[in-house]
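Data first, discussion second: the structure below is written as structure tokens.
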2 protein chains.
Amino acid sequence: MDSNDELGRRDRKKLETRAALERAALRLVAERGLADVTVEDIAGAVDVSSRTFFNYFPTKEDALIGGDPTAAADLCGKLTAVPAAVPALEALRLVLREAAVSIQEQREQWLLRLKVFEQNPSLLPRLVAGGTETERSLTAVVAGRFGAGRFGAGPDATEQAGAGPAAETDDGPTGDGHAELVTAVALTAFRVAMMRWSAAAGDPLLVDLLDDAFSRLSTGLPDPGPSVT
Amino acid sequence: MDSNDELGRRDRKKLETRAALERAALRLVAERGLADVTVEDIAGAVDVSSRTFFNYFPTKEDALIGGDPTAAADLCGKLTAVPAAVPALEALRLVLREAAVSIQEQREQWLLRLKVFEQNPSLLPRLVAGGTETERSLTAVVAGRFGAGRFGAGPDATEQAGAGPAAETDDGPTGDGHAELVTAVALTAFRVAMMRWSAAAGDPLLVDLLDDAFSRLSTGLPDPGPSVT
DNA sequence: TAAAACTTTGCATGACCTGAAATTTTTTGG
DNA sequence: CCAAAAAATTTCAGGTCATGCAAAGTTTTA
């Protein structure tokens with residue numbers, strides 16, 4: 001799974017520099033707070049020029065988000081791989097579950113990141129923002145599922161993400177908006193699960209919190225009973 | 001409903017300046033795009049200094065968000081006014097419905113704003129961000145409802161937003177996170193409804209789109225049937 | 001080793017945003 | 001109506017962010 005093999009020295013150094021910048025940014029901001037860390041501080045901690053920092057990240061905040069840029073495409077790919085017979089919400093749950101697992105594999109880094117986000121509320125939008133990009137792509141795939149499903153297409157999903165006929169995947173904005181709603185709600189559930197996980201210091205399994213949220217979603221979010229125990 | 005009466009001339013001028021800055025920002029960005037409008041442009045269009053702009057808005061983007069700062073508190077107040085017997089999701093629907101009505105009352109301004117947001121995706125996070133603040137407050141109120149409900153408290157909700165006993169409203173982060181989930185999902189539904197409304201150029205009633213989204217939420221977001229007509 | 005491709009860097013520049021002090025406008029009350 | 005007080009605006013200085021460009025350095029390829 002480590003896709004950083006079979007790379008020339010140059011690309012390896014690039015990955016390493018990028019990771020080092022992310023680590024330094026996270027550490028420094030956790031220590032001093034976002035406002036008291038300059039780009040020069042971060043670059044200096046890795047011993048590169050501040051100009052180089054901007055060769056890797058468009059903004060200071062982006063270095064804190066981490067998460068490789070391929071994440072969105074990965075999710076879309078995995079979603080198209082789920083048989084079309086599976087309901088959209090369930091399909092999204094399965095895909096997000098995988099993401100949750102990979103986050104748990106980098107437990108410490110993610111807990112630190114989430115703590116930084118809590119302590120610097122101005123970053124929260126960015127976290128959702130990473131979602132903005134992801135949300136658009138996923139929505140297209142979900143819309144494609146509905147389009148295919150409505151015409152009785154089989155579960156052999158050879159259609160590429162967003163490469164399907166425009167008439168179907170495009171009905172999102174102008175159609176009934178169900179794909180948008182399901183996708184947005186699913187990502188929201190993911191975000192809430194992450195916050196809960198962070199608030200509990202990573203004690204329960206993120207995957208379980210995610211399942212919990214989705215189970216509530218699928219039953220229409222009823223109020224918890226007066227005596228649940 | 002126009003709460004700008006019974007104000008001295010000074011406060012009226014402040015409101016007017018603020019509104020003028022919002023209008024100018026929205027107009028200019030709609031014309032030229034976010035990147036080609038400087039704070040100085042906006043301030044100049046209203047004939048104030050750029051420093052004055054920053055006395056009203058912390059960032060350039062904030063001028064585009066608009067929406068008076070009392071919105072969050074208003075929502076919370078209205079939510080506490082809903083009888084505790086009403087399920088949380090339904091209560092949120094009722095409250096957000098009122099917000100939707102008031103948005104429809106400023107139809108043109110909001111449609112322009114949403115168009116600007118679509119054309120400048122970097123702003124979308126900010127839209128959700130305005131939500132970040134709102135979401136925190138609303139979550140506390142929702143958690144309070146559960147706390148009160150669980151102990152059989154009557155529907156006479158005299159409790160103030162966030163002023164209730166900490167032991168109950170505070171169980172959000174460490175509890176089962178239901179309040180967080182319901183609130184976040186409800187606001188997401190609101191956002192999706194707004195996007196749909198904008199995409200349809202304000203043709204259907206925003207309120208109807210909102211009801212539609214909530215009705216799907218309460219039934220667990222099932223896939224649309226193959227032949228819905 | 002030499003050329004090609006790429007990365008890093010320094011420099012210049014403009015926009016963003018803040019604090020502090022000076023100036024102008026508005027309110028207050030005698 | 002006129003000062004004094006209060007508040008808003010402006011000017012100014014300064015730090016940080018972010019980008020474009022060209023020079024210098026490094027890695028790859030041949």
Side-chain angles (χ1 to χ4, degrees), chain A residues 4-26 28-29 31-65 69 116 120-123 125-126 129-130, chain B residues 4-26 28-29 31-65 68-69 116 120-123 125-126 129:
Chain A
N4 102 352
D5 283 340
E6 75 204 36
L7 259 56
R9 165 163 43 242
R10 188 191 285 163
D11 299 87
R12 246 179 295 126
K13 283 187 96 169
K14 275 192 77 168
L15 283 190
E16 173 49 36
T17 300
R18 185 186 178 89
L21 284 171
E22 284 181 15
R23 278 194 306 269
L26 214 47
L28 290 175
V29 173
E31 287 170 1
R32 305 186 215 156
L34 183 62
D36 287 333
V37 175
T38 70
V39 170
E40 199 168 340
D41 292 334
I42 301 172
V46 184
D47 208 45
V48 294
S49 74
S50 9
R51 188 63 184 80
T52 295
F53 175 93
F54 285 110
N55 286 339
Y56 283 90
F57 304 99
T59 75
K60 179 169 73 167
E61 286 80 8
D62 281 299
L64 296 166
I65 298 179
V116 164
N120 303 278
S122 73
L123 287 174
R126 298 268 179 170
Chain B
N4 104 350
D5 283 339
E6 75 204 36
L7 259 54
R9 163 164 44 242
R10 180 157 70 207
D11 300 87
R12 243 179 299 125
K13 283 189 97 167
K14 276 193 77 170
L15 282 192
E16 172 49 36
T17 300
R18 183 186 179 89
L21 284 171
E22 284 181 16
R23 278 195 306 268
L26 214 48
L28 290 174
V29 173
E31 287 170 1
R32 303 187 217 158
L34 182 62
D36 287 333
V37 175
T38 71
V39 169
E40 199 168 337
D41 292 334
I42 302 171
V46 184
D47 207 45
V48 294
S49 75
S50 1
R51 187 62 181 85
T52 295
F53 175 93
F54 287 111
N55 286 339
Y56 283 90
F57 304 99
T59 74
K60 180 170 70 168
E61 286 79 11
D62 281 300
L64 297 166
I65 298 180
D68 57 295
V116 163
N120 302 278
S122 74
L123 287 174
R126 297 267 182 173

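Given the structure is predicted, the values throughout are model-derived calculations rather than measurements. Throughout, protein chains are lettered first and strands after them, A, B, ... in sequence-line order, and every chain is numbered starting at 1.
- In this structure, of D:dC17, C:dT9, C:dT7, it is D:dC17 that holds the atom nearest to the side chain of A:V39.
- Side-chain atoms of A:K60 lie closest to D:dC17 of the nucleotides D:dT9, D:dC17, C:dC11.
- Look at CG on A:L21: it is 15 Å from P on C:dT7, rounded to the nearest Å.
- B:Y56 has no side-chain polar atom (N or O) that falls below the 4.0 Å cut-off from OP1 or OP2 of D:dA8.
- In this structure, CZ of B:F57 is placed 15 Å from P of C:dC16, rounded to the nearest angstrom.
- Residue B:S50 is out of contact with every strand shown, counting any heavy-atom pair closer than 4.0 Å.
- For A:T38, the listed nucleotide lying nearest its side chain is D:dT16; candidates were C:dG10, D:dT28, D:dT16.
- For A:K14 and C:dT7, the shortest distance from a side-chain N or O to OP1 or OP2 is below 4.0 Å.
- OP1 or OP2 of C:dT26 has at least one side-chain nitrogen or oxygen of B:K13 nearer than 4.0 Å.
- Spacing between atom CG of B:D41 and atom P of C:dA15 amounts to 8 Å, rounded to whole angstrom units.
- The main-chain N or O of B:V37 is found under 3.5 Å from a side-chain atom of B:K60 such that the two form a donor-acceptor pair.
- Here the P atom of nucleotide C:dT9 and the CZ atom of A:F53 are 14 Å apart, to the nearest Å.
- Look at CG on A:D11: it is 11 Å from P on C:dT8, rounded to the nearest Å.
- An OP1 or OP2 oxygen of D:dT10 is reached within less than 4.0 angstrom by a side-chain nitrogen or oxygen of B:S49.
- Residue B:R51 places its side chain closer to C:dG19 than to any other of D:dC17, D:dT9, C:dG19.
- With C:dT9, C:dT27, D:dA18 as the candidates, the nucleotide lying closest to the side chain of A:T52 is C:dT9.
- Atom CD of B:E40 and atom C1' of C:dC17 are 14 Å apart (whole Å).
- Minimum heavy-atom separation, B:E22 to B:A63: CG-O, 3.5 Å.
- If you measure from atom CZ of A:F54 to atom P of C:dG10, you get 15 Å, rounded to the nearest angstrom.
- Taking atom CG on B:D47 and atom P on D:dT10, their separation rounds to 8 Å, with Å as the unit.
- When only modelled atom types and interatomic distance are considered, B:T52 and B:N55 share no side-chain donor-acceptor pair under 3.5 Å.
- Here the closest heavy-atom approach between residue A:I42 and residue A:F53 is recorded as CG2-CE1, 4.0 Å.
- Classification of B:E16 and B:R12 as a salt-bridged pair fails, no side-chain N sitting under 4.0 Å from a carboxylate O.
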